[in-house]
Amino acid sequence: MQWPHQTTPRTLFPDLYSARDTLPTSSCTPTNTPSYSAWPQPHSPPPASPALRQWEEQGELLLPLIFLLLVLGSLLLYLAVSLMDPGYVNVQPQPQEEAKEEQTAMVPQTIPLRRCRYCLVLQPLRARHCRECRRCVRRYDHHCPWMENCVGERNHPLFVAYLALQLVVLLWGLYLAWSGLRFFQPWGLWLRSSGLLFATFLLLSLFSLVAGLLLASHLYLVASNTTTWEFISSHRIAYLRQRPGNPFDRGLIRNLAHFFCGWPSGSWETLWAEEEEEEEGSSQAV
């Protein structure tokens, strides 16, 4: 038995298939199909800059980091000095201050303690009333308008540390400003390119000079265990007019240890009594 002839698309449309077979193979390949490499890849961080990597390897990024830490430390010290209690004398005596009455009684009667006419409190030795703060401050040094606070017994060490750190930052900035100046240029071109930097250099020089003088003066006062108010107004202070020298000076090492570390501890009234006894003993021995 003969099977009927099978009908296919090629037998139905022989001309179409013959034309397709004559086309080149490459023309049938789609040209706009993206390859696998052109597909979007997962996000990856950009490679580090070669110059940045080189600076990191050479340790040159350490200096800017140290400079930023110094600036941050200077800012924190500024906030601490300006916001903390400088050592106010309490208007109402606290329980821990009752024990100091015995020490107050040890002060010689020739040097009576003053009662503040503003606060109406009995001022300890080396205390003074601040009209700006409207409080009496223990071991009063001065009222700093830049800090908007008094510098007294509690924040004076931090104030000296702030001056030292601020001086380091200013000198560092002064060096950076000087290293950026280029003087071998025509005057007009130099003024346009480096005029602002030179003005910054002059301003930093002025600030560095002021900070350096302040730090040197306070270190001298700390080394001799005196304050700015006592140094300037010694002729007006009763407990200083009775002595030819500073009755609170214990020597360089002990003055620095007491100022920065609080050792040896004790009130100024006790120290005054000890100095008075030593003077009386030496006079009797002579």
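Every ring pair (Phe, Tyr, Trp, His ring centres under 6.0 Å) that His142 has, sequence neighbours left out, goes to Phe159, His218. Every residue meeting the side-chain contact (heavy atoms from CB on, under 4.5 Å) condition with Ala161, not counting sequence neighbours, appears here in chain and number order: Leu77. With sequence neighbours left out, the side-chain hydrogen bond (donor to acceptor under 3.5 Å, both in side chains) criterion links Asp141 to Thr228. Every side-chain contact (heavy atoms from CB on, under 4.5 Å) that Ile237 has, sequence neighbours left out, goes to Trp229, Glu230, Tyr239, Leu240.
When all heavy atoms of Asn225 and Arg139 are compared, the pair lying nearest together is OD1-NH2, 3.8 Å. Phe260 approaches Val222 most closely through the heavy-atom pair CE1-CG1, 4.3 Å. Asn149 approaches Cys133 most closely through the heavy-atom pair OD1-SG, 4.2 Å. Nearest heavy atoms, Val89 versus Arg138: CG2-CG, 3.7 Å. When all heavy atoms are compared, the tightest approach of Cys119 to Arg135 is SG-CA, 4.1 Å. Contact between Ser224 and Asn255 at its shortest, heavy atoms only, is C-ND2, 3.8 Å.
Residue Tyr220 is not grouped with residue Leu214 when hydrophobic side chains (ILVMFWY) are merged at heavy-atom distances under 4.5 angstrom, including chains of intermediate members.
Remark: Arg126 fails to qualify as a cation-pi partner of Tyr140 under the 6.0 Å distance and 45° angle criteria applied to the six-membered ring.
Within the structure, the side chain to side chain donor-acceptor pair (under 3.5 Å) test picks out no pair touching residues 199-209 (sequence neighbours left out). The side chain to side chain donor-acceptor pair (under 3.5 Å) contacts involving residues 157-176 comprise Ser74-Gln166, where partners must be two or more places apart or lie in separate chains.
Atom-to-atom distance recorded for Leu158:CG and Leu76:CG is 11.5 Å, nearest 0.5 angstrom. The NE2 atom of His156 sits 4.0 Å away from the CZ atom of Phe259 when rounded to the nearest 0.5 Å. Rounded to the nearest 0.5 Å, atoms NE2 (His143) and CD (Glu132) are 4.5 Å apart.
Looking at Asn155, its side chain does come within 3.5 Å of a backbone N or O of Gly152 through a donor-acceptor pair.
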